[in-house]
Amino acid sequence: MAARTQQLAAALLFILGGVLSFPLNLNDIQHAGVQYILDSVVDQLLKNPDRRFIYVETAFFYRWWRQQSSSMQQTVKQLVNEGRLEFVNGGWCMSDEATTHYSAVIDQMTMGLRFLNETFGACGRPRVAWHIDPFGHAREHASMFAQMGYDGFFFGRLDYQDRTRRMIEKEQELLWRASDSLTPPMADLFTGILPNGYNPPEGFCWDQSCDDPPIRDDPDLEDYNVDDVVMRFIAAAKNQALVYKTNHIIMTMGSDFQYENANLWYKNLDKLIRYVNVLQTNGSKINVLYSTPSCYLQELHRANLTWALKTDDFFPYADDSHDLWTGYFTSRPALKRYERISNSNLQTCNQLEVLGGPASTKGPFGEGDSDTMKKAMAVAQHHDAVSGTEKQHVANDYAKRLAKGWQHCQVLVSNSLAALSGSTAERIYCDNLNISVCPLTESSKKFSVNVYNPLVRPVTWPVRLPVNGSAYAVSDANGKSVDCKVVPVSSVTRDVRKNRGSAVNELVFQVQAPPLGYSTYSVSLLQDGPPPASTKHRTPTAIQNKYLQVTFDPDTGLLSSLSNLETKQTVKLTQNFYWYNASDGNNSHSNQPSGAYIFRPNSSTPFIISKTAKTETVQTSVVQEVRQWFSPWASQVVRLYADSRALELEWTIGPIPIDDDLGKEVITRLDTSIETSEIFYTDSNGREVLQRKKDFRPTWRLRQSEPIAGNYYPINSRAFIKDDVDQLTVVTDRSQGGGSINNGSLEIMLHRRLLYDDVRGVGEPLNETSHIFPKGLVVRGRLLLSLERPPAAADTHRKLAQEVVLQPLLTFTNGELHPNTKLEFSGLQAALPPAVHLLTLSQWDKDLVLLRLEHQFQSWESKVNSQPVTVNLQKLFSTLEVLGASELNLSANQWKDDMTRYEWMAQTGADPLPKNSEASAAWEVTLKPMEIRTFLLRVSLR
């Protein structure tokens with residue numbers, strides 16, 4: 001202890017708390033005004049040049065900035081240039097890490113960092129990523145931050161067992177190797193764990209919201225307390241120094257909603273610094289100063305030490321033995337799905353703005369824009385937004401913003417399609433097709449369907465349209481007849497949609513759309529009449545197409561096996577629905593209830609909803625369905641399309657009954673004959689896949705106290721189980737939580753309805769209702785199942801997940817199209833290889849386009865596709881001539897050649913390789929596995 005104290009000679013660093021994490025309409029919940037914080041802080045920074053402040057979320061700063069006078073803006077620019085006001089992280093928000101998709105995270109970071117770049121220049125560019133509030137940390141986030149040029153990353157929350165071990169081993173600062181495919185140090189990120197979360201040390205909170213006494217330094221008064229405060233502070237500093245590696249330590253001074261009266265903080269901190277440092281005249285080795293994360297990181301780098309290496313992630317997060325933050329992986333499943341659909345719509349909007357040219361934003365349908373949608377999507381990535389951990393009316397506000405953004409994008413999309421097709425006929429958008437609602441198709445005798453494909457390869461996609469006729473003719477863009485069938489709308493769908501639609505049937509057919517383009521299908525009514533009598537009330541032995549066969553147990557109506565007919569493999573497969581009884585907090589082990597954040601089941605054994613399912617069968621040449629009813633609030637359609645290599649499970653859950661006063665957490669569980677050895681796999685933010693093992697953590701010896709919740713992980717787009725012979729992959733349509741509790745099993749939580757708050761900040765139970773569903777929210781979603789040999793499985797599931805994340809956009813036109821209408825279009829000269837994904841195509845400025853190309857395979861997962869791929873930028877687009885290209889970092893706020901980062905040395909593992917200096921032709925772009933390359937293109941329309 002004494003020796004360690006002597007080493008504290010260089011610096012004890014203060015970081016003053018930046019604005020943290022406010023939902024945009026938080027003032028409806030409690031008093032918290034970002035504008036007052038900034039007003040107060042700027043005033044106080046000007047009074048003492050030593051003072052520092054950090055700021056995190058650009059969305060709130062942007063709002064404040066627009067209201068300031070030019071003189072105030074100049075003052076703030078001066079503070080930024082002098083390093084007294086420092087931006088950290090700098091994204092539009094501080095995103096959640098479990099439930100966000102990487103494409104949306106990159107977009108929101110790009111938006112925030114672009115504003116800082118254009119407003120403050122190089123001095124406004126954050127060097128440190130800062131995620132002090134998210135509830136667990138994803139490896140893919142660390143990889144993205146590294147590729148965005150950050151020197152380091154600081155966060156506040158990690159598992160309490162992990163923290164204990166790291167404190168003992170002095171490994172609270174480490175080197176995170178965040179990719180197993182990218183060559184180090186490309187995805188290496190220095191990572192620091194803050195000592196007090198995002199709070200000051202105990203006893204040193206001087207905000208107006210705190211109760212700690214201020215420093216009273218008038219010796220003539222009885223309540224003089226300088227000596228006591230200084231001694232307590234020195235003791236806190238020495239204790240903290242014992243669990244960190246260097247003679248520099250960091251203290252966060254601030255917390256949520258603080259600094260509205262910044263004078264209280266700064267006045268006391270000025271005194272604390274003065275009175276601690278004056279002791280140096282008596283031999284004290286402690287020096288205190290105002291600082292920032294980048295300055296602290298610089299000193300750690302100068303120490304030239306080696307650091308513990310981490311290659312996994314920080315999920316799941318527990319703050320106590322029975323308090324696992326794994327419920328929010330699923331919380332608010334309807335919002336999670338809406339956010340995912342909105343991301344798909346935004347990418348389509350961005351692409352069509354580029355492909356349609358200037359007419360997209362100002363055309364026959366008015367003025368459209370993508371910015372409104374971009375801002376709505378960006379703030380939806382907040383760690384209390386898509387995470388599902390906000391109050392109900394805040395969740396409603398996020399959804400409202402997304403809806404408004406989509407309205408703006410619809411104008412743009414209509415303008416663009418008019419420019420590309422030559423038709424100014426009105427375009428109709430049907431956003432409720434998942435519940436068989438579309439007024440146009442329900443009533444029209446002739447209409448067309450425009451299918452826009454945002455992917456860079458052709459797609460085949462099933463279309464289901466609500467109709468009231470019993471026979472239709474469908475033709476493609478070449479006038480060729482398309483096989484189509486009419487099937488009855490299920491009784492579950494009729495119940496769910498209430499009075500929002502009147503269709504009794506669905507018209508089902510498969511469409512094909514060219515890469516980055518559209519194809520148009522014409523639909524004509526042939527026969528009115530009652531629903532077709534094509535349903536049978538018996539369970540079939542099997543349904544199959546040329547790729548898959550699915551068998552059912554005729555006694556239970558449940559799945560019994562799945563076979564891949566191409567690879568000649570079969571696994572036993574049963575699937576059912578269950579619910580965990582959510583703890584109400586009255587438990588002998590702990591008083592922690594389940595809530596928006598925390599998953600705490602009362603038992604490790606879930607209740608089965610029903611051991612049997614009532615069934616109804618639909619069998620046509622286009623689609624085969626087995627409709628299963630498990631209870632009035634749980635049903636499913638097992639669906640196999642003619643040309644699909646995946647089995648679709650469309651589930652409908654709700655309203656979850658609570659008349660028994662029991663909160664319920666509903667799961668579906670797949671039980672197979674696959675020998676998994678307690679191992680399963682999940683994706684990280686929709687990209688790289690990580691191995692998970694039951695009751696195990698790679699970096700510490702786990703003491704498991706919650707056998708279910710402690711084995712749940714975020715599933716963003718896929719999870720799979722496998723052995724040497726078989727791999728069953730489940731592709732999800734939104735972020736969900738799941739685990740493999742039993743050998744050969746995979747369970748996914750679909751919906752939650754809880755009666756108690758988990759006392760982590762929401763302040764209300766997760767009990768969702770609406771004016772449409774006053775008895776409880778009904779949620780519908782899809783799981784896609786593929787069965788493959790493990791070496792080739794990624795070739796299927798990467799393609800499947802991509803199609804779910806970026807699904808085709810359908811628009812409708814009533815009546816006959818003009819004969820000169822261009823019925824098919826592709827924005828590419830040719831489809832790109834399967835390994836290549838067009839991550840971003842977005843208008844940057846008048847003649848500049850932001851392009852991101854991505855290799856979507858990991859280095860080990862495909863013999864065919866885990867190889868480098870080369871793309872020629874000048875031969876990419878059919879309607880755009882690329883005149884120039886400049887490469888940027890991932891967040892598009894630095895030229896790639898200008899990006900320099902600190903290099904860090906790991907205690908173990910391979911040393912970073914020297915920078916790759918491979919030469920390539922000017923327009924040739926080579927992508928290695930999991931590499932994303934970002935370009936600013938100067939273009940003109942051909």
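Residue numbers run from 1 in the order of the sequence given. Nothing here was measured: the structure is a model prediction, and the numbers come from that model.
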Criterion ring pair (Phe, Tyr, Trp, His ring centres under 6.0 Å) against Trp325, the qualifying member of Phe599, Tyr160, Tyr597, Phe315: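 In the set Phe599, Tyr160, Tyr597, Phe315, the residue that makes a ring pair (Phe, Tyr, Trp, His ring centres under 6.0 Å) with Trp325 is Tyr597.
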[atom2] on [Y] to [atom1] on [X], rounded to 0.5 Å:
X: Ser891; Y: Arg852; atom1: OG; atom2: CZ; answer: 7.5 Å
X: Asp96; Y: Asp133; atom1: CG; atom2: CG; answer: 10.0 Å
X: Arg687; Y: Arg139; atom1: CZ; atom2: CZ; answer: 11.0 Å

Has [X] got a side-chain atom pairing as donor or acceptor with [Y]'s backbone, closer than 3.5 angstrom?
X: Asn268; Y: Ile215; result: yes
X: Gln44; Y: Ala262; result: no
X: Asp757; Y: Pro765; result: no
X: Lys271; Y: Asp217; result: no
X: Asn685; Y: Glu97; result: yes
X: Ser95; Y: His382; result: no
X: Tyr150; Y: Asn89; result: yes
X: Thr252; Y: Asn199; result: yes
X: Asn81; Y: Lys77; result: yes
X: Arg752; Y: Ser594; result: no

Are [X] and [Y] close enough for a salt bridge, meaning some N to O gap below 4.0 Å?
X: Asp151; Y: Arg127; answer: yes
X: Glu390; Y: Arg332; answer: yes
X: Arg600; Y: Asp758; answer: no

Looking at Asp50, Asn48, Asp270, which hits side-chain hydrogen bond (donor to acceptor under 3.5 Å, both in side chains) with Tyr290? Asp270
I would like to know whether Asp397 and Lys404 meet salt bridge (charged side-chain N to carboxylate O under 4.0 Å, His left out); could you show each step before the answer? CA-CA 10 Å; Asp397 184 68; Lys404 182 180 178 182; over 6 Å; no
Between [X] and [Y], does the ring centre distance come in under 6.0 Å?
X: Phe155; Y: Phe153; answer: yes
X: His131; Y: Phe145; answer: yes
X: Tyr317; Y: Phe135; answer: no
X: Phe204; Y: Phe233; answer: yes
X: Tyr259; Y: Phe53; answer: yes
X: Phe87; Y: Phe61; answer: yes

Can you find a heavy atom in the side chain of Phe120 that is under 4.5 Å from one in the side chain of Val76?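 SC-SC contact between Phe120 and Val76 confirmed.
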Using the side chain to side chain contact (heavy atoms under 4.5 Å, CB included) rule, pick out the option among Asn350, Asp107, Asp369 that qualifies with Lys374. Asn350
Derivation of the side chain to side chain contact (heavy atoms under 4.5 Å, CB included) call for His137 and Trp176: CA-CA 11 Å; His137 302 280; Trp176 198 349; 4.0 Å; yes
State, to 0.1 Å, how close Gln240 and Pro195 come at their nearest heavy-atom pair, and which atoms those are. NE2-CG, 3.4 Å
Any side-chain donor near an acceptor of the partner, Asp39 and Gln35, under 3.5 Å: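 There is no such pair (donor and acceptor under 3.5 Å, judged by atom type) between the side chains of Asp39 and Gln35.
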Looking at Lys267, I want to see if its NZ is surrounded by more than 12 non-hydrogen atoms of other residues, nucleotides or ligands under 6.0 Å. no
Indicate the ring-plane relationship of Tyr296 and Phe154, choosing parallel, tilted or perpendicular according to the 30° and 60° boundaries. tilted
When you look at Arg166 and Leu174, which way does the side chain to side chain contact (heavy atoms under 4.5 Å, CB included) test go after all the steps? CA-CA 10 Å; Arg166 290 184 180 279; Leu174 58 125; 3.6 Å; yes
Take Trp130 and Tyr198 through the test side chain to side chain contact (heavy atoms under 4.5 Å, CB included) and record every step on the way to the result. CA-CA 10 Å; Trp130 184 264; Tyr198 52 74; over 6 Å; no
